[in-house]
Amino acid sequence: MFKKVLIANRGEIALRILRACKELGIGTVAVHSTADEAAMHVRLADESVCIGPPASNESYLNIHQIVAACEITGADAIHPGYGFLSENAKFAEILEAHGITFIGPSSAHIRIMGDKIEAKKTVKQLGIPVVPGSDGAVSDPREAKRIADKIGYPVIIKAASGGGGRGMKVANSASDLAEALGSARKEAGAAFGDDVVYIEKYLSKPRHIEVQVMGNGKGYLGERDCSLQRRHQKVLEEATSPVLDDEQRENIGMVCAKAIGDMGYSGAGTVEFLYEDGEFYFIEMNTRLQVEHPVTEMITRIDLVNEQLHVATGEGLSFTQEEVSFMGHAIECRINAENAHTFVPSPGCISYYHPPGGLGVRVDSGVYQGYQIPPYYDSLIGKLIVHGRTRPECLMRLRRALDEFVVDGIDTTLPLFRELMTEDDIIKGDYNIHWLEKYLANKS
Ligand code: MV4
């Protein structure tokens with residue numbers, strides 16, 4: 001096992017990784033910006049290194065500073081968490097060249113999945129069902145029309161370097177198509193420095209369901225339903241999906257596990273699908289540990305970060321697929337330092353903090369009473385994850401935990417979740433990717 005791991009992240013995920021390292025007796029190195037001197041991840045780590053000023057570009061994204069911190073402290077591996085450098089193929093490549101283990105897949109796999117056209121081609125060949133569309137890049141409006149006529153309208157145009165919803169355009173008919181193509185290319189060029197786009201059939205009311213894969217083609221850990229989102233930011237995630245049965249779960253899980261095995265993929269990964277009318281359609285693959293991984297941990301009782309560490313040393317997974325079972329139901333609420341109605345960020349001092357506890361309740365957070373939330377980073381300050389034997393029991397417990405949770409001094413999204421717990425569609429699990437935005441629009 002590694003002797004010392006450097007955690008190239010901050011906030012709740014840095015704590016999550018620290019905890020897994022401590023349980024394995026691995027030494028920990030925190031890195032931090034000058035704005036994060038009082039952050040919990042710095043306090044809990046065995047050692048810490050200041051890597052730069054508040055701006056992420058100069059600190060948490062500063063590859064040279066992070067590699068230097070690694071060499072100074074003698075850490076033998078880096079866990080990137082999510083966001084920041086977690087899906088940066090160049091970073092993984094530089095670590096490979098320095099003989100530092102990147103706790104994640106190879107730089108080659110990160111690069112393939114970062115190109116949405118390559119990703120789709122790759123997984124399609126390996127038997128994963130994809131959204132019908134162009135086989136590759138499309139730049140000529142006449143070719144676009146030929147493809148759209150074949151797959152049928154509406155169609156969606158997406159950036160090959162995109163993801164997270166930027167640079168997407170929907171065309172409802174042939175008369176919209178040329179303009180949608182032009183504006184998608186222009187937006188993609190401006191946002192990503194790459195104007196390559198592709199075309200897909202537009203699915204109008206899908207759910208977003210993602211499959212957790214792990215390691216070496218032997219592990220799939222079920223799915224998460226992440227359909228409740230606002231502006232491409234997930235708000236609440238649950239496992240298992242309220243709309244899948246055991247047979248569907250096993251089928252899509254096996255297809256994904258086999259594909260990543262054939263690919264020689266190593267580490268944690270998420271295969272993202274849109275799900276509509278009983279069918280799965282691949283859209284993207286994430287090559288990192290995700291924010292919402294705890295719901296999978298709660299229903300499988302498997303520590304995903306521990307497994308990542310074991311896979312990264314070459315030891316492999318601690319479980320076989322036969323040992324994996326899905327028990328009960330878990331829901332995660334993302335607690336952001338934001339106004340629950342306007343979603344305006346709310347940095348500042350947490351004057352009082354009381355997290356909930358009790359059976360089936362988990363809070364992953366890096367904050368504490370008296371902590372000053374800096375304005376420079378993502379507004380996620382914690383996650384409330386609740387487990388129950390059934391979905392109704394989970395909801396009942398979540399309502400109770402939300403009532404116990406007190407965060408004073410700043411605005412948080414907690415009031416939104418308390419509201420959602422009384423909504424019929426949420427209670428029934430009857431929602432798609434558009435549900436939350438429609439709900440919020442109707443309220444105001
Ligand atoms: C789509 C789609 C409908 N049809 N693709 C948005 C983010 C990007 N990762 C993929 N996205 C979508 N792709 C087809 N062919 C609708 C979305 C989409 C979406 C997907 C997942 C979660 C939330 C979403 C919100 C709006 C649009």
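Just follow the structure's listing: the first ligand is 1, and inside any ligand the first atom is 1.
In summary, D262 and K258 engage in a salt bridge, as defined by a charged side-chain N under 4.0 Å from a carboxylate O. A salt bridge links R249 with D246: at least one charged nitrogen is closer than 4.0 Å to a carboxylate oxygen. The pair E332-R224 does not count as a salt bridge, with every side-chain nitrogen at least 4.0 angstrom from each carboxylate oxygen. A salt bridge links E292 with R334: the distance from a Lys NZ or Arg NE/NH1/NH2 to an Asp or Glu carboxylate oxygen falls below 4.0 Å. Taking a cutoff of 4.0 Å between a charged side-chain nitrogen and a carboxylate oxygen, E210 and K234 qualify as a salt bridge. Contact check on R16 versus E297 returns a salt bridge, with a Lys/Arg side-chain nitrogen under 4.0 Å from an Asp/Glu carboxylate oxygen.
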task: Kindly indicate, with the supporting measurements, whether the criterion ring pair (Phe, Tyr, Trp, His ring centres under 6.0 Å) is fulfilled by Y353 and Y371.
output: CA-CA 9 Å; Y353 182 65; Y371 176 67; 9.7 Å; no
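In terms of heavy-atom proximity, I51 sits nearest to Q65 at O-NE2, 3.0 Å.
Closest to atom 26 (C) of ligand 1 among all protein heavy atoms lies H232 CE1, 3.5 Å. When only non-hydrogen protein atoms are considered, atom 21 (C) of ligand 1 lies nearest to H208 ND1, 3.7 Å. Protein heavy atom closest to atom 19 (C) of ligand 1, with residue, atom name and distance, is I433 CD1, 3.4 Å. Ranking the protein heavy atoms by distance from atom 4 (N) of ligand 1 puts L203 N, 2.9 Å first. In terms of protein heavy atoms, atom 7 (C) of ligand 1 is closest to G165 N, 3.5 Å. For atom 9 (N) of ligand 1, the nearest protein heavy atom (residue, atom name, distance) is E284 OE2, 2.7 Å.
Residue-level proximity to ligand 1 for K158 is carried by the side chain, the only part with a heavy atom below 4.0 angstrom.
Polar contact check, H434 against ligand 1: no nitrogen or oxygen pair lies under 3.5 Å apart.
Checking Q233, R230, R231, Q229 against atom 23 (C) of ligand 1, the nearest heavy atom belongs to Q229. Comparing L274, V131, N432 by heavy-atom distance to atom 14 (C) of ligand 1, the nearest is L274.
Against a heavy-atom cut-off of under 4.0 Å, K201 is close to the following atoms of ligand 1: 4 (N), 14 (C), 15 (N). Atom numbering of ligand 1 starts at 1 in the shown order; those under 4.0 Å from a heavy atom of Y202 are 3 (C), 4 (N).
At least one heavy atom of M168 sits closer than 4.0 Å to an atom of ligand 1.
Ring-centre distance between Y60 and Y377: below the 6.0 Å cut-off.
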